[in-house]
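Count residues from 1 along the sequence.
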Amino acid sequence: MELSNYLGFSFRVAMKKIERSLSSRLEGCNVSIPQSFILYTLLEEDGSTLKEIGSKTLIDSSSMTVLVDKLEKEDLVERRLDAQDRRAIRVFITEKGCAIAQEVKEIGIAFNSHLYELLGEDIQKEFVRGMGNIINGLD
């Protein structure tokens, strides 16, 4: 059986192409894909902890620290100690970060639409359902 016939390999090829395409679209925002996920999450729930953001974005804690450091250096987010739990660090989006996050969100929406167009209208729902089955079936 050829490597291209393995579903896992096809997913990997598709993800590499998706990452390359999305990265190029995000270049103007000067953020990486994982950083864009963090900003998007903070748009929805500003003041989330690093752990909460990591859970939503599937970014591990060591990578999260590095990514938030870079976002903080660019003045897109700021860290603050939680008033109730001094061990917890909350991340807040800055005004500059909010502007970038809105741009990232628009890019994400447009890119998502492009992917749906590539799938074709006749299989979109089946594809989404199938991906859900794989994601839930491999826990």
Side-chain angles (χ1 to χ4, degrees):
M1 192 164 162
E2 288 186 35
L3 189 58
S4 60
N5 291 330
Y6 287 97
L7 195 53
F9 181 76
S10 294
F11 282 141
R12 182 170 169 77
V13 170
M15 279 309 305
K16 290 229 175 245
K17 289 185 175 208
I18 287 169
E19 287 174 359
R20 196 174 320 121
S21 183
L22 185 53
S23 288
S24 71
R25 293 166 193 250
L26 290 172
E27 277 181 3
C29 297
N30 203 27
V31 294
S32 66
I33 293 172
Q35 288 172 321
S36 74
F37 293 162
I38 294 168
L39 291 174
Y40 190 88
T41 299
L42 291 173
L43 267 184
E44 292 179 338
E45 287 189 49
D46 197 24
S48 297
T49 65
L50 292 172
K51 187 175 182 176
E52 291 167 343
I53 298 167
S55 292
K56 288 181 182 173
T57 60
L58 301 178
I59 298 171
D60 62 64
S61 60
S62 60
S63 297
M64 179 65 69
T65 301
V66 172
L67 292 166
V68 171
D69 283 347
K70 290 178 182 177
L71 290 170
E72 197 169 31
K73 186 177 179 183
E74 295 296 320
D75 193 34
L76 301 180
V77 302
E78 62 180 33
R79 288 182 178 107
R80 297 185 210 150
L81 290 175
D82 187 308
Q84 280 74 39
D85 182 358
R86 305 287 276 161
R87 297 169 295 170
I89 298 171
R90 297 206 169 266
V91 183
F92 293 87
I93 195 164
T94 64
E95 192 173 317
K96 180 180 175 184
C98 196
I100 297 289
Q102 290 293 346
E103 192 175 343
V104 162
K105 183 177 180 178
E106 290 173 21
I107 290 167
I109 290 168
F111 188 63
N112 200 51
S113 293
H114 177 63
L115 292 175
Y116 272 108
E117 287 172 15
L118 291 173
L119 281 172
E121 195 172 318
D122 53 328
I123 67 161
Q124 290 173 358
K125 288 180 184 175
E126 289 175 42
F127 181 82
V128 170
R129 186 173 38 253
M131 287 299 292
N133 290 343
I134 290 170
I135 291 166
N136 294 325
L138 294 176
D139 282 341

Has the side chain of T57 got a donor or acceptor atom that lies under 3.5 Å from a matching backbone atom of I53? yes
Closest approach of E78 to E72 (non-hydrogen atoms, all atoms of both residues): CA-OE2, 3.8 Å
Cation-pi check, R80 to F92: give yes when NZ or CZ is under 6.0 Å from the six-membered ring centre and within 45° of the ring axis, no otherwise. yes
Starting from F37, can I reach I107 by hopping between I/L/V/M/F/W/Y residues whose side chains sit under 4.5 Å apart? yes
Can you tell me how far CD of E103 sits from CZ of R25, rounded to the nearest 0.5 angstrom? 13.5 Å
Closest non-hydrogen contact found for M64 with I59 is N-CG2, 3.7 Å
Should L43 and V31 be regarded as members of a common hydrophobic cluster, given that ILVMFWY residues are connected when their side-chain heavy atoms come within less than 4.5 Å of each other, either directly or indirectly? no
Atom of S10, atom of S4 and distance for their closest heavy-atom approach: OG-O, 3.4 Å
Gap between atom CD of Q124 and atom CG of L115 - 0.5 Å precision: 10.5 Å
From CA spacing to verdict: salt bridge (Lys or Arg N to Asp or Glu O under 4.0 Å), K56, E44: CA-CA 11 Å; K56 288 181 182 173; E44 292 179 338; 5.6 Å; no
Shared hydrophobic cluster for V128 and I134 (ILVMFWY, side-chain gaps under 4.5 Å): yes
How about CZ on R79, more than 12 heavy atoms from neighbouring residues, nucleotides or ligands closer than 6.0 Å, or not? yes
Less than 4.5 Å apart, any side-chain heavy atom of R12 and any of Y6? no
Step-by-step side chain to side chain contact (heavy atoms under 4.5 Å, CB included) determination, L76 to K70: CA-CA 9 Å; L76 301 180; K70 290 178 182 177; over 6 Å; no
For Y40 versus K105, what's the shortest heavy-atom pair and its separation? CE1-CG, 3.4 Å
Does one hydrophobic cluster hold both I135 and F127, with members joined at side-chain heavy-atom distances below 4.5 Å? no
If you measure from OG on S36 to CD1 on I33, what distance do you get to the nearest 0.5 Å? 6.5 Å
Heavy atoms of P34 and L67 approach each other most closely as CB-CD1, 3.6 Å
Could you check whether any side-chain N or O of K51 sits under 3.5 Å from a backbone N or O of A88, counting only pairs where one atom can act as donor and the other as acceptor? no
Is there a path of hydrophobic side-chain contacts, each under 4.5 Å between heavy atoms of I/L/V/M/F/W/Y residues, joining M15 to Y116? no
Would you indicate whether the side-chain heavy atoms of I18 and F111 approach each other to under 4.5 Å? yes
Nearest non-hydrogen partners of V104 and C29, listed with the distance: CG2-SG, 4.1 Å
Mark yes or no for whether S24, through its side chain, and S21, through its backbone, hold a donor-acceptor pair below 3.5 Å. yes
Return the CD1 to CD distance between I100 and Q35, rounded to the nearest 0.5 Å. 11.0 Å
Atom CG of D82 and atom OG1 of T49: how far apart are they, to the nearest 0.5 Å? 8.5 Å
Quick check: are there more than 12 heavy atoms from other residues, nucleotides or ligands sitting under 6.0 Å from CG of N133? yes
For a 4.5 angstrom cut-off between non-hydrogen side-chain atoms, does V91 reach S48? no
Gap separating the CZ atom of R90 from the CG atom of L81, nearest 0.5 angstrom: 11.0 Å
From L42, L71, D75, residue fulfilling side-chain contact (heavy atoms from CB on, under 4.5 Å) relative to T94: D75
